[in-house]
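I have placed the structure first, in the form of structure tokens, so that the comments after it can refer back to it.
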Amino acid sequence: MRGKLIALTWLLAMIMLHACSGTGRQLGGTPITETITKTYADGNLQLELSFLAGRAHNHPTFAIWLEDTEGRLIQTIFVTRSIATGYFSYADAGDGKWKREPGRSIRPAALPVWLHKREGATDGFAMPTPENPVADAFTGPTPKSSFNLNASPVDTIPSRFRVLVEVNQPWDWNKTWHNDRFPGNLDYRSSAQPSLIYAVDMNLNDLMASYVLNPIGHGHPYGEDGRIYTDLTGHTTALDIFRQIKLNVRR
């Protein structure tokens with residue numbers, strides 16, 4: 001009996017050692033093997049974001065940006081390349097249908113809050129296209145799972161500001177956001193549950209050891225405006241695209 005107990009203990013120890021020996025550190029049991037670095041200035045402020053993928057994570061579109069206390073854009077930090085270029089893994093075939101091949105797609109419902117606020121927005125909206133994409137410095141491929149993002153933002157950061165993330169995963173229908181909610185609206189059909197907005201307020205004069213970004217609302221269902229709608233009672237799986245977004249700030 002004692003020999004079996006020793007063998008079982010050794011086996012459990014080997015399993016734990018194997019689980020912790022990945023190339024990236026662990027966050028909530030999920031290995032982080034990818035780190036994105038964005039340097040926009042040589043200042044002392046460093047933002048270190050850790051994204052823990054949830055069970056519903058499946059190549060989502062997302063954007064990260066900073067804004068002041070009045071809601072004015074300070075800077076985009078990162079945006080996934082698909083929305084930044086208007087070139088998606090599934091191309092637009094017209095009439096609400098999608099080709100199962102890469103190609104051009106214009107999707108205003110993907111990230112409407114960021115699209116109405118981002119650099120270059122005119123009349124409150126700026127949809128990137130293959131002919132007029134977001135600059136490469138701000139973009140990158142969609143991470144496959146959990147990841148870190150380290151950013152050194154512009155030097156003109158006020159002492160109080162907000163960090164925001166907008167995320168959307170197409171075709172995640174549920175009982176509230178179903179296929180017939182907006183009949184005939186082709187932009188809504190490529191979005192389903194509207195984009196989620198995560199945010200946290202920062203005060204550089206009173207920094208905490210770490211922060212967690214929480215969901216504060218959603219974008220317009222078909223991208224008509226850039227408002228944040230605070231009722232999230234109809235969101236289900238969209239809330240588990242990211243299980244946690246954590247932020248550390250270093251000066």
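No experiment lies behind these values; they were computed from the predicted model shown.
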Any chance you could measure Lys246, atom NZ, to Leu49, atom CG, to the nearest 0.5 Å?
-> 11.5 Å
Contacts of Lys38 meeting side chain to side chain contact (heavy atoms under 4.5 Å, CB included) (sequence neighbours excluded), chain-then-number -> Ile36, Tyr40, Phe78, Ala151
Output for pair (His220 NE2, Ile228 CD1), nearest 0.5 Å, gives 14.0 Å
Quick one: salt bridge (charged side-chain N to carboxylate O under 4.0 Å, His left out) pairs with a partner in residues 145-154, sequence neighbours left out?
-> none
What pairs meet the salt bridge (charged side-chain N to carboxylate O under 4.0 Å, His left out) rule with one or both residues in residues 211-220, with sequence neighbours excluded?
-> none
Atom CG of Asn205: over 12 foreign heavy atoms under 6.0 Å | yes
Short side-chain to backbone donor-acceptor contact, Lys117 and Gly71, under 3.5 Å | yes
Phe51 vs His57, side-chain contact (heavy atoms from CB on, under 4.5 Å): CA-CA, chis, key distance, verdict | CA-CA 11 Å; Phe51 290 76; His57 185 282; over 6 Å; no
Would you call Arg250 and Glu48 a salt bridge, taking side-chain N to carboxylate O under 4.0 Å as the test?
-> yes
Could you list all the side chain to side chain donor-acceptor pair (under 3.5 Å) pairs where at least one residue sits in residues 222-235, not counting sequence neighbours?
-> Asp225-Tyr229, Asp231-Thr233
For side chain to side chain donor-acceptor pair (under 3.5 Å), just list the numbers for Asn150 and Thr37, CA-CA rounded to whole Å, side-chain angles, deciding distance to a tenth of an Å, and then say yes or no.
-> CA-CA 5 Å; Asn150 299 330; Thr37 300; 4.6 Å; no
Contacts of Arg55 meeting salt bridge (Lys or Arg N to Asp or Glu O under 4.0 Å) (sequence neighbours excluded), chain-then-number -> Asp240
Okay, side chain of Ser50, backbone of Asn148: is any donor-acceptor separation there less than 3.5 Å?
-> no
For the side chain of Asn174 and the backbone of Trp177, is there at least one donor-acceptor N/O pair under 3.5 Å apart?
-> yes
Across all chains, not counting sequence neighbours, the ring pair (Phe, Tyr, Trp, His ring centres under 6.0 Å) partners of Tyr188 are Trp173, Phe182
With sequence neighbours left out, what residues match Thr237 under side chain to side chain contact (heavy atoms under 4.5 Å, CB included)?
-> Ala56, Asp172, Gln193
Sorted by chain and residue number, the side chain to side chain donor-acceptor pair (under 3.5 Å) partners of Arg72 (sequence neighbours excluded) come out as Asp68
Under a 4.5 Å cut-off applied to non-hydrogen side-chain atoms, are Pro143 and Phe62 in contact?
-> yes
Please step through side-chain contact (heavy atoms from CB on, under 4.5 Å) for the pair Leu232 and Leu196, ending with a clear verdict.
-> CA-CA 9 Å; Leu232 291 175; Leu196 272 173; 3.5 Å; yes
Rounded to the nearest 0.5 Å, what separation is found between the NZ atom of Lys175 and the OG1 atom of Thr236?
-> 10.0 Å
Please tell me if the side chains of Arg118 and Leu111 come closer than 4.5 Å, counting only heavy atoms from C-beta onward.
-> no
Listed partners of Glu119 passing salt bridge (Lys or Arg N to Asp or Glu O under 4.0 Å), at least two apart = none
Contact check, side chains of Ile74 and Pro153, non-hydrogen atoms, under 4.5 Å | no
Trace of the side-chain contact (heavy atoms from CB on, under 4.5 Å) decision for Leu149 with Ile64 = CA-CA 10 Å; Leu149 188 144; Ile64 308 164; 3.9 Å; yes
Tabulate below the donor-acceptor pairs under 3.5 Å that side-chain atoms of residues 160-168 make, not counting sequence neighbours, or state none.
from, atom 1, to, atom 2, distance (Å)
Arg162, NE, Asp201, OD1, 2.9
Glu166, OE1, Val113, N, 3.3
Glu166, OE1, Trp114, N, 2.8
Glu166, OE2, Val113, N, 3.2
Glu166, OE2, Ser195, OG, 2.6
Asn168, ND2, Ala109, O, 3.1
Asn168, ND2, Ala110, O, 2.9
Asn168, ND2, Ser191, OG, 3.1

Do Asn179 and Arg189 touch side chain to side chain, with heavy atoms closer than 4.5 Å?
-> yes
Evaluate the criterion side-chain contact (heavy atoms from CB on, under 4.5 Å) for residue pair Leu66 and Ile157; output intermediate values, then yes/no.
-> CA-CA 9 Å; Leu66 310 180; Ile157 301 294; 3.7 Å; yes
Decide yes or no for Leu204 and Val249: does some side-chain heavy atom of the first lie under 4.5 Å from some side-chain heavy atom of the second?
-> yes
